[in-house]
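Below you'll find the structure, written out as structure tokens, and then a few comments.
Only this structure's heavy atoms are used, side chains among them; waters, hydrogens and symmetry mates stay out. Keep in mind the model is a prediction, meaning the values are calculated, not measured. To find a chain, count down the sequence lines: A is the first, B the second, and so on, and within it residues start at 1.
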Amino acid sequence: MTGLWRRLNYWLQSARRAAALREEMELHLAEKAAELEAGGLTPERAQAEARRRFGNVGVKHEESREIWMTRLLPELGQDIRYGWRTMASSKAFTALAVLSLALGIGANTAIYSFMEAILLRSLPVAEPESLVVLNWHSQPPQGASKEWVHVVHGVQGILWPGDKGAMVSGMFPYAAFEALREDNPAFSTLFGYFDGRSSNVAIGGQAISANTEYVTGEYFRGLAVLPVAGRLIEPGDDRAGAAPVAVLSFATSQNRFGGASNALGQRILIDNVAFTVVGVAPPEFFGVDPAASPDLYLPLHTNLLVDSAAAGRMYGDQNFYWIEMMGRLRPGVNLAQAQAALAPRFHQWVAATATTDGERAKLPTLTLNPGAAGLGSLRREYSKPLYVLLAMVGLILAITCANIANLLLARAAARRREMAVRLSLGAGRLRVVRQLLTESVMLASLGGALGVLLAIWGVRSLTYLFGKGQADFTLRAELNWSVLAVTAALSLVCGLLFGLVPAIQSTRPDVMPELKNGRGGEPRRRLQHVLVVAQIAMSFLILFVAGLFVRTLDNLHSVQLGYARENILLFSLNAKQAGHRDPEMTTFYTDLRQRLEAIPGVSGATLSRSSIISSGRAGGAIMGALKIGAVTIDGARVLGAGPGYLTTMQIPLLAGREIDGRDQPGSAPVAVISERLARTYFGTENPVGRRITLPEEKRELEIVGVSANVRSGGLKNEGGNPLTVFVALTQFPADRVTYALRTTGDPLSYVPTVRELVREADPRLPVTNVLTQAAEIDRSISHELTFAKLCSGFAVLALLTACVGLYGTMSYNVARQVGEIGIRMALGAPRGAVVWMVLRRVLVLTAVALAISIPAALGGSRLLKSLLFGIRPTDLGTLVLAGAVLFAAAILAGYLPARRASRIDPLVALRQE
Amino acid sequence: MGRKPHKNDSLPGSLDMLILRTLSRRNLHGYGIVQFIQQSSGDELLVEEGSLYPALQRLELNGWIQGDWGVTANNRRARIYKITAAGRKQLAVETGKYAKLTLAIARVMGAE
């Protein structure tokens, strides 16, 4: 075995060893020649003589290297041929083992390829490791005083929670970008960008909705990306007044222009502004956020043309945070040095933007993070779910390995005579172990190969399952070489893992004489029991977790929505991007609503700022809170709604009126509040006629009605139904609106009519996000749906595998105890007692397994807390249910062997003895 | 395999033993081993120099010797071989066999 190790070592560095050998031989020749020269030969003669005496250098070199290679290979070939014959001779065992391994390895490969894509893979740019993402973190503005004071007055983009309740964000004011860009000691390039979200792009008269990314002039240079056609955005393009140019993603150039070179020089309209296409980015490039895939890149300052109203504030306001930044480290500068150099600079800059003591108290601090893998939004969202899934598939593979080890143990008993013969004929024990290991590694390799096929399918269906939640879903999971390498390593490890113990067991010299008489094998049986217990324990863990997720999904599905889920069609429009402006835009939306309502089969049509399930929070961390009088309302949801919203959504109206056609831009602003909000703040008083203040506009609204409670802004809201405020969309206009149609029959059958109507109203206007209300709601819980489905599948798989293991072990035990059972029956033991004898062992094994895994399950499930809803991670009911299912399955698996035991004919059994 | 006859052919496997014996005295690089064998045999034993290297690899594979980079007496970089514990054991085995064999041969030759 050590020879094998040395060989392996040699192979790993074979190139170096070959070079070393050559050097040795050269040295030999040189020294020999020197010696001969000293003896009086001319240098030429001396060299020739040295070579002559040495022999053929090339042949000797080959011979020396072959020493390491040969001998093993023929033996390996022998082992493989032999292993093949063994596998072919027990086809059922081989098929079972390979299939279960394929499931285990396939599941692991699929999940791992997602981890590789999301957590490990670097951006497809040159030297990604020198990229750095700039973030800031700060204490939230709401202190003990409950006053909303912060130097950050507004953020366009996301904040996420950091350590100790801090807020973290990657958004900065433009002036901060300029201050850091100037004479930066740590970065060779500092570049900025922001997500332009979906834009209306007209190419040759056809309007599509496309994702845009606004980037500074240094963006592509900083990322070191080269164009496939034309040129990329340069510093000269990124200034006010420069000719508007656009760079397309490779996919867009293919889909819309039929090729990268065709797109060059083309004129396109982006939100009704003319741009010229100057270049196409390479196919693998997707920007800096693995969660996004921009269709086009625009110079940052062109947002002055596209959205001049918003852009004014963006460049002028030092307290408005919107641009994201990345830098490329100068050679020789590391992250800590860059942090040390830049944090004081940012502090100095940001301190100058604070105007009050309250603002100075919570200044954001700059933090640099590694940027090799791009932005972390996907990692934040998926790392935990993926680790949970990886743990589950890891357990399944462990169960599978234990199962096969168990089957191999049983088979080793059957092959004990073969082993005894081979050992007694003088085969080295290591040689036999190696041959057995070759067999198990062959099994694992076959399983791995089949598993890769399963993984291809698995990655596709997982992408589908995960992706159901998002319109433009971009998980770039694939089976690349690094994933396949891990799969291969996994197969090898599995093969060694489940093969090693049985191989060592079956070649133990001390059990040989005992084996010759037939009975015995006590250590082996104990080992089998350990393996079975491990399998049951692991299955229980998976079963319990699956139970938690299924219950979570169940809880989510049984949430009282308070509005119609079925027969509602949703779709979104953004008229502003097609060139409409207020007040004409409001009229346009209103007219379209009336035309939609006139579609035969549509009983109601309305519109709102967003779908009700994704309606936003009032205020938020930065803006301040919703107020009634002097009372602050926490966590309320605000939804701008059109006429007849409550009727269309079938939300009961409890008092007053709903928002209707009377509420016009000029008239007094109104609001409808949900019952719980009314009860919380007005008690038994009638709120109709009272006033409420919105944070953004500081406008007072008159409450005109009270609706029943609705579940707005997501199903997973803690503490029951959130407080909801409906306001009139005409009075708080939005660029992008979501229409809702109440239909008879399948909502999706109305989609062609809707598209036709919208095209008639304005052909420049693309219809986006077309789906049913039910799908929209499911989309908001897509993670939970995916988890429940996957985990149920995993649980079934684990349970089946464990049952097969249990069944196999019990059958084997019964077969070995035929004699004992025969004697018992001959002495008058009733059949029931024999059944009980076998079942008792099953129950004991299961109980031992549960005793091990229940504490583990209770301890481990706390990690899942954030993924659950409406159920505690230590839920007793789920625990009991999982235990009951496990016992039932165990009894089922044990009953067949038990019955077989009870049918043993004592005479036959004893005669066998 | 050898192109010219040399005395070493008469005892197959004895090259391994000679190398082990040489290295049991001191650590040497390839050429040094050849020189040592030749000199200490009074130039009676001619090692086919090229065959030394497959033999060294074989011994290393068996774990009897170990080669590491070092510096020769002439200050040149070279792989210097040293004998391992397993190598010493093997040397003892081979020495024993060799003694038996030579004794046997001597008996035959002397039994005229």
CH2/A:Trp84: more than 12 non-hydrogen atoms of other groups inside 6.0 Å:
no
Paired with B:Tyr53, the side chain to side chain contact (heavy atoms under 4.5 Å, CB included) test is passed by just one of A:Glu63, A:Glu24, A:Lys60, namely A:Glu24
Identify the heavy atoms of B:His29 and A:Leu27 that sit nearest to each other, and give their distance.
CD2-CD2, 3.8 Å
Check each atom of B:Arg76 against the heavy atoms of chain A and say whether the ones under 4.5 Å are side chain, backbone, both or neither.
side chain
Contact part of A:Ala30 toward chain B, heavy-atom cut-off under 4.5 Å: side chain, backbone, both or neither?
side chain
Please classify the contact of A:Leu21 with chain B as side chain, backbone, both or neither, using a heavy-atom distance under 4.5 Å.
side chain
Side chain, backbone, both or neither: which part of A:Glu62 has an atom under 4.5 Å from a heavy atom of chain B?
neither
Mind ranking B:Gly63, B:Gly32, B:Ala55 by heavy-atom pairs under 4.5 Å with chain A and telling me who comes out on top?
B:Gly63
Of the non-hydrogen atoms in B:Pro54 and A:Ser64, which two are nearest, and what is the gap between them?
N-OG, 3.2 Å
Could you check whether B:Gln35 and A:Glu31, counting side-chain N and O atoms only, form a donor-acceptor pair closer than 3.5 Å?
no
Using 0.5 Å steps for rounding, measure from the CD atom of B:Glu49 to the CE atom of A:Met25.
11.5 Å
